[in-house]
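Quick caveat, the model's predicted, so the values are computed rather than measured. Index from 1, following the sequence. Quick note: numbers below take in every heavy atom, side chains included, and nothing from hydrogens, waters or symmetry partners.
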Amino acid sequence: MAPNQLNNDGTERTIGQLVADATHDVSTIVRSEIALAKAEIAADAKRAAAGAGMFAAAGFVALLGLIFLFHTIVAVIDIWLPEWAGYLITTGLLFLVAAVLGLVGRNSMKKIKGKPERTIKNAQDTVTAVKSAS
C-alpha cells in the first residue's frame, strides 16, 4: 500500500479522508492557477498601459505636425495669394474634410442595429429546444 494512503498511526485512510484530501488538493491547484493568471494579466495590463501612453504621445506629436503642415500649406499659397487667402483656403479644405468624415461617420452609425439579433434568436431556439425535450 502506498504511504500516502496510511494515517499517522499506520491504519488505512478512509475513502472520506482520501476524497477530502483530493478536494483540498484540487482547490489548492485552482487557487494557484487563478493567482498565476492574475499575475500574468497584471503584467500584461502594465505593458498595455505603457503602450497606450506611447500611442497617445504619438497622436499628440502627430497633431502638432499636422498643424505645422497646415501652416506650411498657407505659406506656399502665400507665394501666389495674400496670407489671409492662404488661411481661408486651408480652413475651407479642413472644413470640407471634416464634413465628409462626419457624413461617413453618420452613415456608419445608422447601420448599427443596436441589439444582438443572432444571439437573441439562438437563445430563443435553445429555450424552445429545452422545453420540447422536457
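Grouping the Ile, Leu, Val, Met, Phe, Trp and Tyr side chains by contacts below 4.5 angstrom, directly or via other members, places F70 apart from L88. Residues V74 and L69 fall into different hydrophobic clusters, defined by Ile, Leu, Val, Met, Phe, Trp and Tyr side chains chained together at heavy-atom separations under 4.5 Å. Taking hydrophobic clusters as Ile, Leu, Val, Met, Phe, Trp and Tyr residues chained together by side-chain heavy-atom distances below 4.5 Å, I77 shares a cluster with L93.
Few gaps surround CD1 on I79; more than 12 heavy atoms of other groups in view lie less than 6.0 Å from it.
In this structure, the separation between OG1 on T72 and CD1 on I67 is 12.0 Å, given to the nearest 0.5 Å. With rounding to the nearest 0.5 Å, the separation of CZ in R31 from OG1 in T28 is 5.0 Å. For the atom pair E33 CD and L36 CG, the distance stands at 6.0 Å (nearest 0.5 Å). Summarising the geometry, atom CG belonging to D78 is positioned 13.0 Å from atom NE2 belonging to H71; distances are rounded to the nearest 0.5 Å. Atoms NZ and CG, on K111 and N107 in that order, are 7.0 Å from each other to the nearest 0.5 Å.
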Worked verdict on I73 versus I89 for side-chain contact (heavy atoms from CB on, under 4.5 Å)
CA-CA 10 Å; I73 291 170; I89 292 169; over 6 Å; no
